[in-house]
Protein chains: 2
Amino acid sequence: MHDHKHDKLVDIQETVKLFKIFSDYTRLRIIELLYSGEKCVQDIADSLETSQSAISHQLKLLRDMNVVSARKDGKQVIYNLQDNHIKEIFLIGYSHATECKI
Amino acid sequence: MHDHKHDKLVDIQETVKLFKIFSDYTRLRIIELLYSGEKCVQDIADSLETSQSAISHQLKLLRDMNVVSARKDGKQVIYNLQDNHIKEIFLIGYSHATECKI
DNA sequence: ATTTTATATGAGTGTGTACTCATATGTCAA
DNA sequence: TTGACATATGAGTACACACTCATATAAAAT
């Protein structure tokens, strides 16, 4: 027998986690940047004019949340968006925000 | 002449604001609760087993962000979701989160 | 082997924010 | 008018978290 009310609250917590991914300026810019294709850490840092350390910290979070994948290429580490769910949700939020100017 | 790069960053900031609305457990439960129809403050607080004060504070934020509308009915204040954009984004995030268990 | 380059990460700091508590405001009932 | 109820709100607190700085790790170049 399941506790459906509890299940629902767990689902809400998962949804909160998902939305939290997108609710930071640096993280969202990383996602937007990777939208156009894979990039190495330093390129991301340069593009966003943010320190390598700050970017690495955020990339770790994004890795832990399975939002991005990483692969080594010599000294560099190349990051990419993991799945299309992420792209889809980003795009919907972005469209709404730009259309409506909340 | 427009600074398109700057415009884009502003749009990203707006998107962050939008996603922040959904990235708190109490706020998301309020939104989910109002999904099924308007409710007064005390009913929301009771349903979510959260203090009236905490709910009122969050409702103020949601009002300021034009996520919910409020109307007085005697001593009570009845809250409702403002527009369908909110419903749509919540639903998409919720589906993704429950399907994928990120 | 040593140095240089690319990335990761722990510790510490500052800021934002969700809550509690106390109290103000507003509305109805008696 | 006074009291009870419903909601709002300011102040204070505790915690989360995004950053910096210093340093570790790892691979390439010399």
Side-chain angles (χ1 to χ4, degrees), chain A residues 9 12-34 38-82 102, chain B residues 9 12-34 38-82 102:
Chain A
L9 294 186
I12 297 270
Q13 279 170 333
E14 291 298 315
T15 311
V16 167
K17 271 194 221 167
L18 178 66
F19 281 125
K20 270 197 179 149
I21 295 170
F22 300 97
S23 54
D24 172 78
Y25 185 52
T26 302
R27 275 198 299 277
L28 204 63
R29 274 148 75 224
I30 292 176
I31 290 170
E32 195 260 338
L33 192 64
L34 294 182
E38 57 179 22
K39 305 256 183 313
C40 74
V41 178
Q42 195 54 57
D43 283 356
I44 299 172
D46 290 345
S47 293
L48 306 187
E49 293 172 346
T50 306
S51 76
Q52 175 268 319
S53 181
I55 296 295
S56 262
H57 277 293
Q58 291 303 334
L59 284 171
K60 176 170 173 47
L61 290 180
L62 293 173
R63 255 187 290 125
D64 292 348
M65 290 163 157
N66 297 312
V67 174
V68 299
S69 56
R71 96 183 139 72
K72 287 210 90 170
D73 177 24
K75 277 185 281 190
Q76 304 185 57
V77 178
I78 315 289
Y79 281 86
N80 206 351
L81 292 182
Q82 271 242 349
I102 8 159
Chain B
L9 295 186
I12 297 270
Q13 280 169 334
E14 290 299 315
T15 312
V16 167
K17 269 195 223 166
L18 177 65
F19 281 125
K20 271 196 178 150
I21 294 170
F22 300 97
S23 54
D24 172 79
Y25 186 52
T26 302
R27 275 199 298 277
L28 204 63
R29 273 147 76 223
I30 292 176
I31 290 170
E32 195 260 338
L33 192 64
L34 294 182
E38 57 179 22
K39 304 257 184 313
C40 74
V41 178
Q42 195 55 58
D43 282 356
I44 298 173
D46 290 345
S47 293
L48 306 187
E49 293 173 347
T50 305
S51 76
Q52 175 268 319
S53 181
I55 296 296
S56 263
H57 277 293
Q58 291 303 335
L59 284 172
K60 176 171 174 45
L61 290 180
L62 293 173
R63 253 186 290 126
D64 291 348
M65 291 162 158
N66 297 311
V67 174
V68 299
S69 55
R71 94 182 139 74
K72 288 210 88 171
D73 178 24
K75 278 183 281 189
Q76 304 185 59
V77 178
I78 315 288
Y79 281 86
N80 206 351
L81 293 183
Q82 270 241 350
I102 9 160

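Just so we're on the same page: letters track the sequence lines, and every chain starts at 1. These values consider heavy atoms only, across backbone and side chains, with no hydrogens, waters or symmetry-generated copies.
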* Using centres under 5.5 Å plus planes under 30 degrees as the test, is B:His57 stacked with C:dC19? -> no

Establish, with yes or no, whether the OP1 or OP2 oxygen of [N] is under 4.0 angstrom from a side-chain nitrogen or oxygen of [X].
X: B:Arg27; N: C:dT17; value: no
X: B:Ser51; N: C:dT20; value: yes
X: A:Arg63; N: C:dT7; value: no
X: B:Tyr25; N: C:dC19; value: no

* Just by distance, do the side chain of B:Ser23 and the backbone of B:Lys20 share a donor-acceptor pair under 3.5 Å? -> yes

Describe the nucleic acid contact of [X] in one word from base, sugar-phosphate, nothing, applying a heavy-atom distance below 4.0 Å.
X: B:Ile44; answer: nothing
X: A:Thr26; answer: sugar-phosphate
X: B:Ile78; answer: nothing

Out of [options], which nucleotide sits closest to the side chain of [X]?
X: A:Lys75; options: C:dT5, C:dG10, C:dT7; answer: C:dT5
X: A:Lys20; options: C:dA18, D:dC17, D:dT9; answer: D:dC17
X: B:Gln52; options: C:dT20, C:dT27, D:dA8; answer: D:dA8
X: A:Asp24; options: D:dA18, D:dA8, D:dT9; answer: D:dA18
X: B:Val77; options: D:dA8, D:dT20, D:dT9; answer: D:dA8
X: A:Gln76; options: C:dA6, C:dT9, C:dA18; answer: C:dA6

Can you give me every donor-acceptor pair (side chain of residues 68-81 of chain A, partner residue at least two apart or in another chain, under 3.5 Å) with its distance?
residue, atom, partner, partner atom, Å
A:Arg71, NH2, A:Glu38, OE1, 3.1
A:Arg71, NH2, A:Glu38, OE2, 2.5
A:Tyr79, OH, A:Arg63, NE, 3.1

* Asked: Between C:dA18 atom C1' and B:Leu59 atom CG, what is the distance in whole Å?
  -> 14 Å

* Structure fact -> Assert: residue with more 5' nearest nucleotide on DNA chain D, out of B:Tyr79 and A:Ser23, is B:Tyr79

* Quick one: does NZ or CZ of A:Arg27 land under 6.0 Å from the six-membered ring centre of A:Tyr25, within 45 degrees of the ring axis? -> no

